[in-house]
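What follows is a short report on a single structure.
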Amino acid sequence: MNENSCPICHDELSWTGEYHCQSCDENFKKIGFCPDCDAELEKLQACGSASYFCNACNELKSKSKVRFEFQPS
Ligand SMILES: [Zn+2]
Ligand SMILES: [Zn+2]
């Protein structure tokens, strides 16, 4: 399953430094939201993998539970 699809046309997004939809000719950024309080999460790079921190809950969130949304950048 492709997790990076365009929110408008659902085509696969390509990665060019940002997410890009060739069909819509739009760039998107991927934003994570807290599964518990719905706040926007801060992305932390650690040991080569990304983790997501909620400033409202004051804790790290498991990537598998984070809700991702693509927004036009
Ligand atoms: Zn599109
Ligand atoms: Zn939270």
Side-chain angles (χ1 to χ4, degrees):
M1 189 189 126
N2 171 39
E3 61 178 57
N4 297 322
S5 61
C6 176
I8 301 164
C9 70
H10 303 291
D11 265 12
E12 188 175 346
L13 298 174
S14 55
W15 173 253
T16 57
E18 353 181 47
Y19 292 95
H20 180 74
C21 178
Q22 290 182 328
S23 307
C24 303
D25 197 22
E26 280 265 24
N27 288 318
F28 297 95
K29 53 189 175 177
K30 192 176 188 178
I31 300 187
F33 290 92
C34 179
D36 300 314
C37 73
D38 232 29
E40 188 175 325
L41 299 176
E42 195 172 327
K43 187 177 180 184
L44 307 171
Q45 285 298 342
C47 309
S49 66
S51 45
Y52 291 85
F53 186 80
C54 179
N55 285 307
C57 300
N58 202 32
E59 62 181 26
L60 282 170
K61 299 296 172 181
S62 158
K63 197 182 171 190
S64 60
K65 292 196 189 135
V66 173
R67 184 172 59 81
F68 289 105
E69 250 178 45
F70 287 97
Q71 297 187 350
S73 62

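Computed over heavy atoms, backbone and side chain alike; hydrogens, waters and symmetry mates excluded. Whatever order the structure lists ligands and atoms in, that order sets their numbers, starting from 1.
Take a cut-off of 2.8 Å around the Zn ion (ligand 2): the protein N, O or S atoms inside it are Cys34 SG, Cys37 SG, Cys54 SG, Cys57 SG.
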* **Ser73 and Phe28: CA distance, side-chain angles, deciding distance, side-chain contact (heavy atoms from CB on, under 4.5 Å) verdict** => CA-CA 5 Å; Ser73 62; Phe28 297 95; 5.8 Å; no

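By the 6.0 Å contact criterion, CD on Glu69 is enclosed, its count of non-hydrogen atoms from other residues, nucleotides or ligands being greater than 12.
Atom-to-atom distance recorded for Cys54:SG and Glu40:CD is 10.5 Å, nearest 0.5 angstrom. In this structure, NZ in Lys43 is found 4.0 Å from OH in Tyr52, a value given to the nearest 0.5 Å. One finds the CD1 atom of Ile8 at 12.0 Å from the CZ atom of Phe70 (value rounded to the nearest 0.5 Å).
In this model, no donor atom of one side chain and acceptor atom of the other lie less than 3.5 Å apart for Ser5 and Glu12. Counting only N and O atoms by type, the side chains of Asp11 and Ser23 include a donor and acceptor under 3.5 Å apart.
Hydrophobic clustering of Ile, Leu, Val, Met, Phe, Trp and Tyr side chains at less than 4.5 Å, counting indirect connections, keeps Leu44 apart from Leu41.
Arg67 and Asp38 are joined by a salt bridge, as a carboxylate oxygen and a charged side-chain nitrogen come within less than 4.0 angstrom of each other.
For the Zn ion (ligand 1), the count of nearby protein N/O/S atoms, taking only those under 2.8 Å, is 4.
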